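Before any comments, here is the structure.
Everything quoted here is computed from the prediction, not taken from an experiment.
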Amino acid sequence: QVQLQESGGGLVQAGGSLRLSCASAASTRTFSILTMGWFRQAPGQERVLVAAMSRGGGARTYADSVKGRFTISRDDRERALFLQMNDLKPDDTAVYYCAAKAPGESSWDYWGQGTHVTVSS
């Protein structure tokens with residue numbers, strides 16, 4: 001079972017920081033082979049990929065809008081994924097979702113329930 005649960009969202013002023021966490025119920029072995037990602041969905045908009053990290057902590061990709069401000073990381077022993085968000089802007093306001101993709105799969109098969117991030121100006 002790859003159950004994902006996000007935490008760490010909240011209300012922050014523009015320029016502030018938040019650290020999102022995603023805990024998984026998967027075994028250490030299973031978690032370590034998953035590609036992990038963070039998505040966000042702002043009100044009235046589609047869900048978009050914010051950052052992704054391949055298995056083994058190799059390749060990391062970021063949306064252009066968050067490059068230089070957000071950092072994705074993972075701890076496979078703790079079966080956790082993180083998103084450090086700095087210099088937050090009101091446009092970062094959204095529900096943030098943790099997601100996982102199995103090896104060889106093109107679609108993101110596993111999702112958390114989401115955590116709200118609100119950035120005030």
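D109 approaches S107 most closely through the heavy-atom pair OD1-OG, 2.9 Å. Looking at every heavy atom in both residues, Q45 comes nearest to Q41 through O-NE2, 3.1 Å. S121 approaches P90 most closely through the heavy-atom pair CB-CG, 3.9 Å.
Contact annotation: the side chain of V50 never approaches that of Y62 to less than 4.5 Å [non-hydrogen atoms, C-beta and beyond]. Put simply, the side chain of L81 reaches to within 4.5 Å of the side chain of I72, judged on heavy atoms. When side chains are defined from C-beta on, M85 does not count as touching S17, because their heavy atoms never get closer than 4.5 Å. Taking 4.5 Å as the limit, every side-chain heavy atom of V95 sits out of range of all side-chain heavy atoms of V117. C98 places none of its side-chain heavy atoms less than 4.5 Å from the side chain of W111. In this structure the side chain of V2 reaches within 4.5 angstrom of the side chain of L4, judged on heavy atoms. E46 places none of its side-chain heavy atoms less than 4.5 Å from the side chain of F39. Counting heavy atoms from C-beta on, the side chains of C22 and Q5 never come closer than 4.5 Å.
Under the 6.0 Å distance and 45° angle rule, R55 does not count as a cation-pi partner of F31. Figure legend: cation-pi geometry between R47 and Y97, with NZ or CZ positioned under 6.0 Å from the six-membered ring centre and within 45° of its axis.
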Q. Between R79 and T28, is a side-chain contact (heavy atoms from CB on, under 4.5 Å) present by the stated rule, with each step listed?
A. CA-CA 6 Å; R79 297 164 292 161; T28 301; 4.0 Å; yes

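E6 places a side-chain N or O within donor-acceptor distance of the main-chain N or O of G114, the cut-off being under 3.5 Å.
From L18, atom CG reaches atom CG of L11 across 9.0 Å, with rounding to the nearest 0.5 Å. With rounding to the nearest 0.5 Å, the separation of OG in S73 from CG in L83 is 8.0 Å. The line from CE of M36 to CG of D76 is 9.0 Å long, rounded to the nearest 0.5 Å. Between L34 atom CG and W108 atom CH2 the span is 9.5 Å, to the nearest 0.5 Å. From T71, atom OG1 reaches atom CZ of F82 across 13.0 Å, with rounding to the nearest 0.5 Å. Taken from OG1 in T93 to NE2 in H116, the straight-line distance is 11.5 Å, to the nearest 0.5 Å.
Residues passing the side-chain contact (heavy atoms from CB on, under 4.5 Å) test with S7, sequence neighbours excluded: S21.
Annotation: Q113, atom CD; neighbour count of heavy atoms from other residues, nucleotides and ligands within 6.0 Å does not exceed 12. The environment of CD in E78 is sparse: at most 12 heavy-atom neighbours from other residues, nucleotides or ligands sit within 6.0 Å.
Among residues at least two apart or in separate chains, salt bridge (charged side-chain N to carboxylate O under 4.0 Å, His left out) pairs with a member in residues 86-95 are R40-D92, R69-D92, D87-K89.
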